[in-house]
2 protein chains.
Amino acid sequence: MQGFDAAKINEIIRKASEGSRFYQHKQQAQQKLDAKIKEMLHTAQQMSPQLLEKATKKMEAVALECEAGRDLSRTIVHVDMDMFYAAVEMRDQPNLKDVPMAVGGNSMLSTSNYIARKFGVRAGMPGFIARQLCPALVLVPPNFSKYKAVSRVVEQVFAIYDPNYAMMSLDEAYLDITDYMEANADAYQAKSEVDNETLAEAIVREMRLKIQEATQLTASAGIAANTRLAKVCSDLNKPNGQYYLPSDTRAIMDFINKLPIRKISGIGNVTEQQLKALGITLCGQIRPNYGLLRLLFSDCSLDYFVRISLGLGETDLSNYTSGEQKSISTETTFTGTSCKQKLMQMVSDLSIELHGDMKKKGLVGKLVTLKTKTVNFVLKTRSMALGEPTSDPEVMGKVARKLLIAEMEKCPVDEPLSLRLLGVRMSNLSEEASSGRAKQTTISKMFEKQTVSAGRESSSNYCLVTESVAREVQAFHD
Amino acid sequence: MQGFDAAKINEIIRKASEGSRFYQHKQQAQQKLDAKIKEMLHTAQQMSPQLLEKATKKMEAVALECEAGRDLSRTIVHVDMDMFYAAVEMRDQPNLKDVPMAVGGNSMLSTSNYIARKFGVRAGMPGFIARQLCPALVLVPPNFSKYKAVSRVVEQVFAIYDPNYAMMSLDEAYLDITDYMEANADAYQAKSEVDNETLAEAIVREMRLKIQEATQLTASAGIAANTRLAKVCSDLNKPNGQYYLPSDTRAIMDFINKLPIRKISGIGNVTEQQLKALGITLCGQIRPNYGLLRLLFSDCSLDYFVRISLGLGETDLSNYTSGEQKSISTETTFTGTSCKQKLMQMVSDLSIELHGDMKKKGLVGKLVTLKTKTVNFVLKTRSMALGEPTSDPEVMGKVARKLLIAEMEKCPVDEPLSLRLLGVRMSNLSEEASSGRAKQTTISKMFEKQTVSAGRESSSNYCLVTESVAREVQAFHD
DNA sequence: ATACATACC
DNA sequence: TACTGGTATGTAT
DNA sequence: ATACATACC
DNA sequence: TACTGGTATGTAT
């Protein structure tokens, strides 16, 4: 059992994907992006030096203002559990430790362990391709409630160092350890002198140890003046390592200047390609291109680029903590079908599931959105605002089904809507006015109504549908 | 013949308006505004001192940046012809010179002379109220082509001092006389010394004289470092006067600080009331309220407020000149009616008229907007995008009528849509691809079709309609 | 308000 | 045979 | 994209 | 009896 080189890995992936509808759709998207980039370059060609210079000046003015607000007073830590889900499973099933394994299903992996990664098996890869890369791969289905429990334990450690830590997902958090450092400087004096470390480094090393003691899992960490830098740093000595970037403008600029833009959180595949077309691959190449960027990107992106180019980032974690949830959704992927009853029934089921999630969080919403993905991977959303915020599965379901019917009606009879994904989302959320009684009534009513009846389609399309859905489908056919 | 005091004038106006639908609608709008202001004050109440301080700091940072961009190098002049339309009429009919007169119709006045103003008769006042204030008032219907011609003469004078003068309307313009001052400093040396005036003042005085020689009409002017200040200044020594504000930060700040906000172009009735509720009536009170404003207004307004508070304004007139026209429209007010044929016919007529205007300017548009005002003065717009830009009256008319029909259909049969105004606007404009031939064909076709036929409504609703309109109305009724 | 694109885990 | 599910945010219309 | 509000002459 | 007409821009959804 040994790894492959990158070429071999790519070859296998290519063969596995090539010609699939997924791949075709991806290619189309890439073509569209290529066209957009071409147009962008064309626009860039037209720019007069005067215009560019003017734009550069304006950007420099913004940069000056941003620079003035630089805050180096905080010590921010980004902690990231190493291959979290996989690590938990390996901890609980030691026989998984020496074999290539991944957590996920046949359609998608969440994480893989380091042995599997040698074969090119990574998070975000579909299981069936992973198996081609590594036939010995052990696939463990995810066990979210367990991960959640472990995460809670890790949180307890975080709370020691910063009671206002900001959890970004089950395996990732930001901490502001500035206050802790001040309060406990003396206690670490000796420790950090011995290891020739800064106070921050000593504290974070200790924190990671405590996490390991509490969970038997390792974490990596980045220490810097703001979240953006800390996040980049946590990636540098993975796994089970940490990286400290001194809070000093000079050090930060040296660091950021040679950093590939793609390392920055928020710069994804598309932005990377766009910037690359402009000759920008490193953060240090942003500033020399201020004028060009100003003329090509939106104000919002510009601000973002300027801040990246200066190594600036968030220093106030309350900006992550405070926000209310904006939307809640549930979706499901299935083998492509155009059976109207099946699709309608799925929407109803999703609405009921969504109701459960909303209930748990005490949320109600005003905007119902139906999400569809065709068998060709074309995503669409259709939404409709409600008069009143609700989480009533009947109401949400009715609206979502109406939206689905409208989509079906748009398709010609000879090529009916054929989907592989359906989702229902609620947004414009507010807190539920906790009159638990009334809600309960509604729910029971709903279940009373949901007696099963047979669809009246041909046998090949046969499926179980609830009465109300059957009625709507009926109406649609008439 | 003598004037009235303000109380008497207001009393007459109140009596004339009171109880009218117009007045009722205005009252409703005021109530809505009062509610909005109340809510705003409530929000203001909730603000913690910390929040306010933070907001203040951010605003001050913006102010600093704006201040850094202050440009005192230009000398901008705002020239405003004195009671322009009225003055032209008085010039051409000398017997009007000694009587109270106004230009306008029974429904609205454009200008009044200074005698009429003593009675409270002003621009924007309906003629029938003006008559109650001043029964002797002579109402002269406007003669736009004549005013346009006079305006052209005035423009010739402007061109001497600044070839890039920016006409804001027939009777108003901005000039940047900086270059002229440099080039002609010597010539004015003696003149300005004698009158103890600055160079700028001497030049503007001469310009006003030239205007008077050329047109027998007087103009007032403001001279300052930017258009915002110049505009305010031109109002200070009206009529036939000028005001010079030195381009010196100290002088500007003294000037602006004691200036009522309402004098600023762009601050109208609503904003004045809002700011007043916050205790702001003078421009000098803006800066002490930066934090409050920041928390209550949009970014766009904030920028505007900051610039006002610093006495900053536009110094580059090309920003007025360069822009293409964004929309073109025509509208008509009539005695309220709900006769569908009449309304439909009016929309057709407006489309034809609009076509004429667009043709003259060589414009085509993509977005058709129908504007309606009910007999209760409720304004609405309904728009629809076209596939292709056009100025074809048939196309525009068809869409506009469709929009009108949709509005009619929304009304219950027992209270049909009753309108006092209809308008058609085209926007998303572009230059007409000057294939004059094809257009011509379309126009003639249109006139061929427009043979008159009688409507089939009851006699009280009887009116003439073209065939195509009759057909649409017919379809609507079915 | 809607729809869709981008991004992150 | 075959490419997730949940959420936030930006952008365009 | 739409609708509407504010403002100016 | 009875309160314009034309355009731009901002704001909300």
Side-chain angles (χ1 to χ4, degrees), chain A residues 16-17 20-23 25-26 29 84 104-111 123-129 131 168-172 265-271 298 300-301 304 323 325-333 335 357 367 369 377 379-385 420-421 423 425 427, chain B residues 16-17 20-23 25-26 29 80 84 104-111 123-129 131-132 168-172 265-271 298 300-301 304 323 325-333 335 357 367 369 377 379-385 420-421 423 425 427:
Chain A
S17 311
S20 69
R21 303 210 213 202
F22 174 81
Y23 188 71
H25 179 257
K26 209 171 140 187
F84 187 50
N106 195 45
S107 56
M108 193 55 57
L109 307 182
S110 292
T111 4
M125 177 176 278
F128 71 88
I129 291 185
R131 278 224 196 77
M168 304 307 283
S169 66
L170 288 184
D171 71 331
E172 237 182 272
S265 174
I267 305 267
N269 167 47
V270 170
T271 314
S298 73
C300 188
S301 304
Y304 177 59
Q325 186 168 8
K326 305 271 174 61
S327 76
I328 184 166
S329 65
T330 178
E331 64 191 62
T332 178
T333 294
T335 329
D357 296 349
L367 187 69
T369 302
F377 292 88
L379 260 173
K380 279 205 168 68
T381 59
R382 292 293 173 250
S383 53
M384 183 173 280
R420 72 185 325 273
L421 174 147
R425 172 163 70 239
S427 45
Chain B
S17 312
S20 70
R21 303 210 214 204
F22 174 80
Y23 188 71
H25 180 258
K26 208 171 141 186
D80 197 345
F84 188 49
N106 195 44
S107 55
M108 194 56 55
L109 307 183
S110 292
T111 5
M125 177 176 279
F128 70 90
I129 292 185
R131 278 224 197 74
Q132 296 184 33
M168 305 307 283
S169 66
L170 287 184
D171 71 332
E172 238 183 90
S265 174
I267 306 267
N269 167 47
V270 170
T271 313
S298 73
C300 188
S301 304
Y304 177 58
Q325 186 168 8
K326 306 271 174 63
S327 76
I328 184 166
S329 66
T330 178
E331 65 192 60
T332 177
T333 294
T335 329
D357 296 349
L367 187 68
T369 302
F377 292 87
L379 260 173
K380 279 205 169 67
T381 58
R382 293 293 173 250
S383 53
M384 182 174 279
R420 73 184 323 274
L421 174 148
R425 171 163 70 240
S427 45

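What you are looking at is a predicted structure, and each value in this text was computed from that prediction instead of being measured.
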Run the ring-ring contact (aromatic ring centres under 6.0 Å, His included) test against A:Tyr304 and tell me which residues pass, sequence neighbours left out.
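Partners of A:Tyr304 by the ring-ring contact (aromatic ring centres under 6.0 Å, His included) criterion come out as none, since no residue qualifies.
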Indicate, with a heavy-atom threshold strictly under 4.0 Å, whether [X] touches base, sugar-phosphate, or nothing.
| X | answer |
| --- | --- |
| A:Lys380 | sugar-phosphate |
| A:Arg382 | sugar-phosphate |
| B:Thr271 | sugar-phosphate |
| B:Ile267 | sugar-phosphate |
| B:Ser20 | nothing |
| A:Ser265 | sugar-phosphate |

Expressed in angstrom and rounded to an integer, what is the separation of [X] atom [atom1] from [N] atom [atom2]?
| X | N | atom1 | atom2 | value |
| --- | --- | --- | --- | --- |
| B:Leu109 | F:dT4 | CG | C1' | 10 Å |
| B:Met108 | F:dT4 | CE | P | 5 Å |
| A:Lys26 | C:dA5 | NZ | C1' | 16 Å |
| B:Leu421 | F:dT4 | CG | C1' | 9 Å |
| B:Leu379 | E:dA7 | CG | P | 15 Å |
| A:Asn269 | C:dA7 | CG | P | 6 Å |
| B:Leu367 | E:dT2 | CG | P | 7 Å |
| A:Glu172 | C:dA7 | CD | P | 17 Å |

For each nucleotide in nucleotides 6-11 of chain D, reading 5' to 3', give B when a protein heavy atom comes within less than 4.0 Å of its base, S when such contact involves only the sugar-phosphate, and - otherwise.
SBSSSS
Distance between the C1' atoms of C:dT2 and F:dA12, in whole angstroms?
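Nearest-Å result for C:dT2 against F:dA12 at atom C1': 14 Å.
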Which residues share a side-chain contact (heavy atoms from CB on, under 4.5 Å) with [X], sequence neighbours left out:
| X | answer |
| --- | --- |
| B:Ser383 | B:Leu367, B:Thr369 |
| A:Lys380 | A:Thr372, A:Val378, A:Arg382, A:Glu407 |
| B:Glu172 | B:His78, B:Asp80, B:Met168, B:Ser169, B:Lys231 |

Let me check I have this right: for DNA chain C, each base becomes ., (, ), [, ] or |, based on Watson-Crick or G-U pairs with both distances under 3.5 Å. What is the full string?
|||||||||
Between CD1 on residue A:Ile129 and OG on residue A:Ser20, distance to nearest 0.5 Å:
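Going from the CD1 atom of A:Ile129 to the OG atom of A:Ser20 covers 7.5 Å.
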Please confirm whether the shortest side-chain N or O distance from A:Thr381 to OP1 or OP2 of C:dC4 is below 4.0 Å.
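Answer yes for this pair, as a side-chain N or O of A:Thr381 is under 4.0 Å from OP1 or OP2.
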Verify the distance criterion only: is there a donor paired with an acceptor across the side chains of B:Ser298 and B:Ser301 at less than 3.5 Å?
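Side chains of B:Ser298 and B:Ser301: pair found under 3.5 Å.
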